[in-house]
*Asks:* 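Below is a structure I'd like to ask you about.
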Amino acid sequence: MPELPDVETFKRYIDSTSLHKTIEKAQVMNKKILEEISKNNLEQGLQGTRFVESDRHGKYLFLKTTENQWMVVHFGMTGFVKYFKDESDKPNHTRLLLRFDNNYFFSFACQRMLGKIGLIQNKEDYIEKKGMGADALEVSYDLFEEKLKKRRGMAKSALMNQSIISGIGNIYADEILFQSGIHPKTKMNQLTENDFQTMYQKMQEIFDIAIKAKVDTDEFPETYIIPNRTKDGLCPKGDKKLKKTKVNGRTTYFCPVHQDKK
DNA sequence: CTAGATGTTAAGGT
DNA sequence: CACCTTAACATCTA
């Protein structure tokens, strides 16, 4: 799940459930998710503090503690968070478990262990060190076009490159290109000014709609390709079968009729 | 049993 | 040097 809209949805969920509660206990259940910190240092760094503020950059989530540090969360491919009261509701692949002073729990779960959690002093330095580009919801049109138009590789690869623009993943890259009528293998440097304007506008619109729908694909517009990204999926604009290919080593769906720009 | 699944990164190649 | 592509990571399911 976790592309920009998913992470934004987690952020809002955390804002409404988990801020301003003292963390009485922190338990790292699996060390593989730790990013440059020991189990003990993360647990001790969290215990006794409260989360007071949250932020998101691309697919990364930041939670500020009363000690002026940030817990940075990356969800990998299978990560999610859950706030719950009854211990029997604890998710299966919980890797970090917090208990608040109201006896509710906070779980960070990730089945495939591709997620990461760290504790950092400075959010801006971290973003810089990771080489992240501007957040997809904050990037200006001029920067969007300037960064993308020189790229020689395939359009989809460039959209998914986090160092150019942060937040677009495999699923939403397919949606942006479908809504823009651009074939995913088109070379980015062959697109026109008009194409970049369309992609920029569609990117904003799609993320906006996905976030408002809380990422529930049942609530997505009928014209979206995301719910149809399956074997035998049909184009929502014409009933022709979608094509499946690989870009960047990732499964890519597109409509050969509506994405002929190449 | 094998292939593939929303992500990132290191290593190799242009 | 800047950019592009691929494999690997760990686990589970179709």
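Note that the structure is predicted; figures quoted are calculated from it, not measured. We name chains A, B, ... by the order of the sequence lines, and we start the count at 1 in each one.
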*Asks:* Measure from the side-chain heavy atoms of A:Thr78 and tell me the nearest of C:dA10, C:dT6, B:dT6.
*Replies:*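 The closest nucleotide is B:dT6.
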*Asks:* So, A:Arg50 and A:Asp101, do they make that salt bridge, N to O below 4.0 Å?
*Replies:*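 A salt bridge is absent here (no side-chain N lies under 4.0 Å from a carboxylate O).
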*Asks:* Could you check whether A:Ile171 gets within reach of a base, just the sugar-phosphate, or nothing at all, counting any heavy atom under 4.0 Å?
*Replies:*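 It contacts sugar-phosphate atoms only.
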*Asks:* When you measure from the side chain of A:Met154, which nucleotide among B:dT8, C:dT5, C:dT11 comes out closest?
*Replies:*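 Selected nucleotide (nearest to the side chain): C:dT5.
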*Asks:* Looking at A:Asp15 and A:Lys11, is any side-chain nitrogen of the basic one under 4.0 Å from a carboxylate oxygen of the acidic one?
*Replies:*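 The answer is yes: the pair qualifies as a salt bridge.
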*Asks:* Roughly how many Å is it from NZ in A:Lys187 to P in B:dT14, rounded to a whole number?
*Replies:*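 Value for this atom pair: 16 Å.
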*Asks:* Given side chains that start at C-beta, do those of A:Lys149 and A:Phe196 come closer than 4.5 Å, heavy atoms only?
*Replies:*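 Touching, per the 4.5 Å side-chain cut-off.
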*Asks:* Can you tell me if A:Lys130 touches the phosphate of B:dT9, counting only side-chain N or O atoms and a distance under 4.0 Å to OP1 or OP2?
*Replies:*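 A:Lys130 to B:dT9 OP1/OP2: side-chain N or O found under 4.0 Å.
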*Asks:* Select base, sugar-phosphate, or nothing to describe what A:Lys231 touches, counting heavy atoms under 4.0 Å on all strands.
*Replies:*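 If one applies the 4.0 Å heavy-atom cut-off, A:Lys231 turns out to touch nothing in the nucleic acid.
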*Asks:* Which nucleotide in the set C:dT6, C:dC9, C:dC12 lies at the smallest distance from any side-chain heavy atom of A:Asn248?
*Replies:*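 In terms of side-chain proximity for A:Asn248, the closest of C:dT6, C:dC9, C:dC12 is C:dT6.
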*Asks:* Check the phosphate of C:dC9 against A:Lys32, side-chain N and O only, distance under 4.0 Å to OP1 or OP2. Yes or no?
*Replies:*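 So the side-chain polar atoms of A:Lys32 never come under 4.0 Å of the phosphate oxygens OP1 or OP2 of C:dC9.
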*Asks:* Considering only the P atoms, how many Å lie between B:dA3 and C:dA7, rounded to the nearest integer?
*Replies:*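 After rounding to an integer number of Å, I get 13 Å for this pair.
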*Asks:* Applying a 4.0 Å non-hydrogen cut-off, can you work out what A:Gly153 is touching in the nucleic acid: base, sugar-phosphate, or nothing?
*Replies:*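 Sugar-phosphate, no base atom in range.
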*Asks:* Of the nucleotides B:dT8, C:dT5, C:dT11, which has the atom closest to the A:Met113 side chain?
*Replies:*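 My answer, after comparing the listed nucleotides, is C:dT11.
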*Asks:* Which of these nucleotides, B:dT6, C:dC4, C:dC12, is closest to any side-chain atom of A:Arg152?
*Replies:*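 The nucleotide sitting nearest to the side chain is C:dC4.
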*Asks:* Give A:Asn161 one of three labels, base, sugar-phosphate or nothing, depending on what nucleic acid heavy atoms sit under 4.0 Å from its own.
*Replies:*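 A:Asn161: no heavy atom of the nucleic acid under 4.0 Å.
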*Asks:* Mind calculating the distance between CE (A:Met188) and P (C:dT5) to the nearest angstrom?
*Replies:*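 About 12 Å, once rounded to whole Å.
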*Asks:* Name the closest nucleotide to the A:Arg112 side chain, picking from C:dA10, C:dC12, B:dT9.
*Replies:*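 Shortest atom-to-atom distance from the side chain points to C:dA10.
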*Asks:* Rounded to the nearest 0.5 Å, what's the gap from CD1 on A:Ile117 to CD1 on A:Ile33? Could you check?
*Replies:*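 Reported to 0.5 Å precision, the distance equals 4.0 Å.
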*Asks:* Atom NZ of A:Lys150 and atom P of C:dC4: how far apart are they, to the nearest Å?
*Replies:*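 Going from A:Lys150 (NZ) to C:dC4 (P), I get 11 Å.
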*Asks:* Touch check for A:Lys59, heavy atoms < 4.0 angstrom, all strands: base, sugar-phosphate only, or nothing?
*Replies:*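 Since only primed, P, OP1 and OP2 atoms lie under 4.0 Å of A:Lys59, the category is sugar-phosphate.
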*Asks:* A:Glu35 and salt bridge (Lys or Arg N to Asp or Glu O under 4.0 Å): which single residue from A:Arg95, A:Lys130, A:Lys129, A:Lys116 fits?
*Replies:*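 The single option meeting the salt bridge (Lys or Arg N to Asp or Glu O under 4.0 Å) with A:Glu35 is A:Lys130.
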*Asks:* Looking only at side-chain N and O atoms, does A:His74 come under 4.0 Å of OP1 or OP2 in B:dG7?
*Replies:*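 Negative; the distance criterion is not met.
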*Asks:* Nearest-Å distance, OH (A:Tyr126) to C1' (B:dT8)?
*Replies:*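 Checked: the OH to C1' distance equals 10 Å.
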*Asks:* Is the phosphate of C:dC4 approached by A:Arg151 (side-chain N or O, under 4.0 Å from OP1 or OP2)?
*Replies:*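 Yes, A:Arg151 has a side-chain N/O under 4.0 Å of OP1/OP2 on C:dC4.
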